[in-house]
K.L.:
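Submitted below is the structure of interest, expressed as structure tokens.
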Amino acid sequence: MVKSHSSGTNGVRVDRSVVPATIKSKSRARRHWWKQAAISAMWWFLSLTLFISLWELVTALGWVNTLILPPPHEFIAEIGNQEQFLSPRIGVERVGGNFVLLTAIVATLKRVMAGLVLGFIAALGVGGLACYFELFGKLTLPVITLLAPIAPIAWIPFAIMAFGIGDGAAIFVVFVGIFFLLTLATVNAVNNVDQLYINTARVLGANRRQVMFRVVLPAVIPDLFFILRINFFAAWMAVLAAEMVGVNAGLGAIVMVGRQMFNAKLMFLGMAIIGVVGYLLDVGFRQMQQRVLWWKGSSHI
Amino acid sequence: MSEIVCNHISKIWNPDTAEPNLAIDDISFSVEPGEFLVVIGPSGCGKSTLLSMIAGLESATSGTIQFRGQPIDGPSPHRSMIFQQASLFPWLSVIENVSFGLSLQGVGKRDRHNQAKQYLQQVGLLKSAHRYPHQLSGGMQQRACIARALCLGTDVLLMDEPFAALDVQTRHQMQKFLLEIWQGTGKTVVFVTHHIDEAVYLADRVLILTANPGRMLEIVTVDMPRPRDMMSKGFEYHRNLFVDHLRSEVVRAFEEQELAEMLDTRIK
């Protein structure tokens, strides 16, 4: 081995050459990433500019009724009209600062996040138990399979009846929106864990519980996180729908109040904010997913 | 006392169905402590099944397998298995992988890392201790797997074509490396391969199996000093011996592509 160390024709040579190659490719990858990001940002800018200019042009020419379809500069300026966000129908309390709209965003986000976190944990728990205790799985999975296709929006009337108007109902809607699907996904992911990992752990002396917590759980989390992200939009929409029909607070309520007061500017402002916040959340999730998936390398995403 | 004794073992897959599949038929052999036994045979001869049964991952349909006089009734850290695909957990760093068995036993982080470092040094991966499996080459991953088995103080290394997925150069380096580890630690090795040169290069004894079902054809002692020169007369003699032994098998199962490949493959 000593001889082959110096001759440099063995595996050791591979070790050394890997390090600089990785560093080099990393910096190249980073430059490539920036270039891609710049190109992507340019297209975003062009696309948005084109869309807004066309809209502004159509309204400036008087082709549409600006009371119903206000131009972007008008409804964005509506942010300045802070007092109306304190309307009791929007239902947010002023928590300080001058940007009252922020409190409506926070109210909605709080509900979505609480529902997502609770749903993720519960689905992981129930799905894991269903795999671990066969009897429990056989007794619960058929019911969960039947409940899964019910759209979260369909749960809104029940949620308002059961939890009243407020955070509880909204959180419940998000929870049921992801819980059943994610539970089924958990069972599926657990059953698909590579047998090689399980055999390896068993040979290394792991008991059943250790296989579950030390091998199966870390192996399925990236898959589940991906499914959570896919289902996030359904939950996001459900919360907004809930806020419009009854929960009466947050971003959804802003749009509804806009309609009730025949203030299209307020309506469109609410819609624009829903779009931007939803997009930013998805970007955040994608970043988190890359952190969760760091051990797979970035090419998988 | 023999380290491992297999006594008339058979394995039937799906025994209660319409199509029971006899994978292993009445195999008996023993492995002595510190011995390097290679099991060779074409695909479908049940080599991997045999190894899984010794590991305790599968049970034999009939017959008994004993480890140091005790019947094997499940996996044990005394008998560690190295699989064909490197089986490091991708979410753990190399050092956490290597000390995984210790952490299952509740050994504290500092203690198990100290122990793991010793074995990482032995397999030449100390510098890569805090890297992750996807950052390692195939050969490095397999070395980490070997370190993981050693770190748990295993007595027997059960190796299931561990180098088959590696390129020819790396493969030969790994064979040399394995012999060094084996000579340095005195572990017992049961090594499965379909590669004749690999068998001749590594083995104290070679167990030859037939295909479909796996039966014992012969046990051959390779009595040559190490390191073995693949160009030497002795090596050539044993290579031809195995080719002869397997010829009838080759004719019988000629349509099996891999079998033909097995005879053509030579370590350069």
Side-chain angles (χ1 to χ4, degrees), chain A residues 1-23 25-26 29 193-225 291-301, chain B residues 52 55-58 74-93 97 100-105 123-125 127-128 131-140 142-143 145 148-149 151-152 154 158 166-167 169-174 176-177 179-181 184:
Chain A
M1 196 67 183
V2 174
K3 185 184 163 244
S4 44
H5 261 291
S6 51
S7 69
T9 54
N10 59 355
V12 174
R13 196 178 87 165
V14 176
D15 295 9
R16 292 206 183 109
S17 65
V18 160
V19 178
T22 320
I23 292 168
S25 71
K26 249 182 199 162
V193 170
D194 196 338
Q195 190 66 37
L196 184 65
Y197 292 148
I198 295 171
N199 282 346
T200 302
R202 286 179 65 203
V203 168
L204 291 170
N207 59 33
R208 200 158 175 257
R209 194 175 49 83
Q210 286 172 322
V211 168
M212 193 72 194
F213 282 98
R214 306 290 299 273
V215 178
V216 172
L217 198 65
V220 299
I221 282 198
D223 287 354
L224 294 186
F225 203 84
R291 297 280 183 282
V292 177
L293 278 171
W294 52 269
W295 48 261
K296 280 193 170 177
S298 57
S299 60
H300 286 257
I301 299 157
Chain B
S52 298
L57 290 169
E58 301 285 347
S76 149
H78 290 292
R79 302 180 309 273
S80 227
M81 192 142 167
I82 313 284
F83 299 90
Q84 178 173 347
Q85 309 99 313
S87 59
L88 298 173
F89 300 120
W91 54 87
L92 296 178
S93 65
N97 263 293
F100 185 79
L102 291 174
S103 95
L104 290 175
Q105 296 169 3
V123 302
L125 284 177
K127 280 184 186 165
S128 302
R131 291 162 80 185
Y132 283 86
H134 73 271
Q135 298 170 306
L136 304 187
S137 67
M140 292 161 89
Q142 281 299 31
R143 278 187 277 155
C145 288
R148 179 167 65 182
C151 188
L152 213 49
T154 190
L158 303 167
L166 304 177
D167 62 77
Q169 282 291 331
T170 314
R171 182 178 187 138
H172 188 50
Q173 290 308 321
M174 289 298 288
K176 280 182 172 173
F177 161 77
L179 283 181
E180 278 166 31
I181 294 280

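Chain A is the first sequence line, chain B the second, and so forth, proteins listed ahead of strands; every chain is numbered from 1.
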K.L.:
Is B/Ser103 in contact with chain A via its backbone, its side chain, both, or neither, using a 4.5 Å heavy-atom distance?
P.N.:
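Contact with chain A: backbone and side chain both.
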
K.L.:
Could you state the interatomic distance from CZ (A/Arg214) to CZ (B/Phe89), rounded to the nearest 0.5 Å?
P.N.:
9.0 Å

K.L.:
Please report the closest heavy-atom contact between B/Pro77 and A/Gly205, naming both atoms and the distance.
P.N.:
CG-CA, 4.1 Å

K.L.:
Could you check which of B/Arg148, B/Met174, B/Arg79 has the highest count of heavy-atom pairs closer than 4.5 Å to chain A?
P.N.:
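Of the options given, most contacts go to B/Arg148.
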
K.L.:
Considering non-hydrogen atoms only, spot the tightest contact between A/Val203 and B/Met81 and give its length.
P.N.:
CG1-N, 3.3 Å

K.L.:
Working to the nearest 0.5 Å, report the span between CG of A/Asn207 and CG of B/Leu104.
P.N.:
8.0 Å

K.L.:
Does any backbone or side-chain atom of B/Leu88 lie under 4.5 Å from a heavy atom of chain A? Answer side chain, backbone, both or neither.
P.N.:
backbone

K.L.:
If I measure from the heavy atoms of chain A, does B/Ser80 come under 4.5 Å with its side chain, its backbone, both, or neither?
P.N.:
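B/Ser80 touches chain A through backbone and side-chain heavy atoms alike.
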
K.L.:
Please walk me through it: do A/Asp194 and B/Gln85 pass side-chain contact (heavy atoms from CB on, under 4.5 Å)?
P.N.:
CA-CA 11 Å; A/Asp194 196 338; B/Gln85 309 99 313; 6.0 Å; no

K.L.:
If I take atom CD from residue A/Gln210 and atom CZ from residue B/Phe100, how far apart are they, to the nearest 0.5 angstrom?
P.N.:
7.5 Å

K.L.:
How are the rings of A/Tyr197 and B/Trp91 set relative to one another: parallel (under 30°), tilted (30 to 60°) or perpendicular (over 60°)?
P.N.:
perpendicular

K.L.:
Please report the interatomic distance CG(A/Leu204) to OG1(B/Thr154), rounded to the nearest 0.5 Å.
P.N.:
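Answer for the CG-OG1 pair, A/Leu204 versus B/Thr154, is 9.0 Å.
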
K.L.:
For the atom pair CG (A/Asn199) and OG (B/Ser87), what is the distance rounded to the nearest 0.5 Å?
P.N.:
9.0 Å

